[in-house]
Amino acid sequence: MPGADWERQVETTATAYRRMSEQIGRIQVSAVSQDGAVQVAVSASGVLTDLRLPDRALAEEIMACIRKAQAGIPDKMRTVMLETVGAQDPNTHLVLASARERFPDTHREQRQPDSGDWDERPVLEDIGGPA
């Protein structure tokens, strides 16, 4: 049956892409300065995920500052998306959810327990529609 072969191929391809995505999501690449004083790790997307300096407190402060800056990315993206494609575009929610997953609001996480909902706001509120 030709339809079954096509469906099986689609399923096989989808499984392979999911596996690839999961493996890429786990990629970490590290580098060390020539004198060994500075060590960094980045994700597959190039985001700095770890920084080690002789002054560990300074490294932690820098990483906290980076996460704080990254947490502002989803709101900036939301503004641009609403101004360009609008709240009615179904991809807006998906893109914003992905950005919030990659760059969580560290203050929100500290204030609110994880409820399983990525930010506890209704979808339409998140993309600029009525709550």
Side-chain angles (χ1 to χ4, degrees):
M1 174 183 263
D5 288 341
W6 178 82
E7 288 175 8
R8 203 172 10 262
Q9 180 61 39
V10 168
E11 186 177 318
T12 300
T13 300
T15 299
Y17 273 93
R18 273 192 302 276
R19 203 171 66 244
M20 177 192 68
S21 178
E22 290 168 1
Q23 289 178 12
I24 288 173
R26 290 190 298 266
I27 289 175
Q28 291 281 332
V29 179
S30 299
V32 179
S33 65
Q34 199 166 19
D35 66 0
V38 178
Q39 298 176 18
V40 299
V42 296
S43 68
S45 62
V47 172
L48 181 65
T49 58
D50 192 26
L51 172 65
R52 297 184 186 251
L53 301 171
D55 181 343
R56 186 64 186 159
L58 177 60
E60 289 172 3
E61 179 105 10
I62 291 169
M63 289 302 296
C65 194
I66 289 169
R67 285 188 294 275
K68 183 178 178 181
Q70 289 171 334
I73 292 171
D75 286 335
K76 298 284 185 183
M77 289 176 65
R78 178 180 178 271
T79 299
V80 169
M81 293 180 81
L82 291 175
E83 290 173 355
T84 56
V85 297
Q88 71 282 357
D89 188 307
N91 294 315
T92 299
H93 167 70
L94 297 173
V95 171
L96 291 175
S98 175
R100 283 199 170 91
E101 185 177 313
R102 284 185 62 209
F103 305 114
D105 182 343
T106 54
H107 294 300
R108 175 175 285 135
E109 286 179 354
Q110 291 170 356
R111 290 188 316 242
Q112 299 174 353
D114 182 16
S115 68
D117 186 2
W118 52 276
D119 73 356
E120 297 186 17
R121 294 188 298 175
V123 172
L124 290 177
E125 177 187 334
D126 182 60
I127 59 175

- line: Sorted by chain and number, sequence neighbours left out, salt bridge (charged side-chain N to carboxylate O under 4.0 Å, His left out) with Glu61 holds for none
Roughly how far, to the nearest 0.5 Å, is the [atom2] atom of [Y] from the [atom1] atom of [X]?
{"X": "Leu82", "Y": "Arg78", "atom1": "CG", "atom2": "CZ", "value": "5.0 Å"}
{"X": "Arg67", "Y": "Cys65", "atom1": "CZ", "atom2": "SG", "value": "10.0 Å"}
{"X": "Phe103", "Y": "Lys76", "atom1": "CZ", "atom2": "NZ", "value": "14.5 Å"}
{"X": "Glu7", "Y": "Thr12", "atom1": "CD", "atom2": "OG1", "value": "11.5 Å"}

Looking at every non-hydrogen atom in both residues, tell me the closest pair between [X] and [Y] and how far apart they are.
{"X": "Val85", "Y": "Gln88", "result": "O-NE2, 3.1 Å"}
{"X": "Ala71", "Y": "Pro104", "result": "CB-O, 3.4 Å"}
{"X": "Met81", "Y": "Thr92", "result": "CE-CA, 3.4 Å"}
{"X": "Asp75", "Y": "Arg100", "result": "OD1-NH2, 3.3 Å"}

Cluster overlap [X] with [Y], hydrophobic side-chain contacts below 4.5 Å:
{"X": "Ile27", "Y": "Val47", "answer": "no"}
{"X": "Leu48", "Y": "Leu53", "answer": "yes"}
{"X": "Met20", "Y": "Val29", "answer": "yes"}
{"X": "Ile73", "Y": "Ile66", "answer": "no"}
{"X": "Leu58", "Y": "Val32", "answer": "no"}

task: Name all residues meeting the side chain to side chain donor-acceptor pair (under 3.5 Å) criterion together with Thr15; count only those two or more places apart in sequence or in a different chain, and write none if there are none.
output: Arg18
message: If the condition is side chain to side chain donor-acceptor pair (under 3.5 Å), which residues does Arg19 pass it with, not counting sequence neighbours?
response: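 Counting only residues at least two positions away or on another chain, Arg19 forms no side chain to side chain donor-acceptor pair (under 3.5 Å).
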message: Tell me whether Glu11 at atom CD has more than 12 heavy atoms from other residues, nucleotides or ligands lying less than 6.0 Å away.
response: no
Contact check, side chains of Leu51 and Val38, non-hydrogen atoms, under 4.5 Å: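 Yes. Closest side-chain heavy atoms under 4.5 Å.
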- prompt: Quick one: does Arg26's side chain get under 4.5 Å of Gln23's, heavy atoms only?
  reply: yes
- request: Considering only NZ, NE, NH1 and NH2 on the basic side and carboxylate oxygens on the acidic side, decide whether Asp5 and Arg8 come within less than 4.0 Å.
  value: yes
- prompt: Under 3.5 Å, is there a donor-acceptor pair linking the side chains of Arg102 and Ser43?
  reply: no
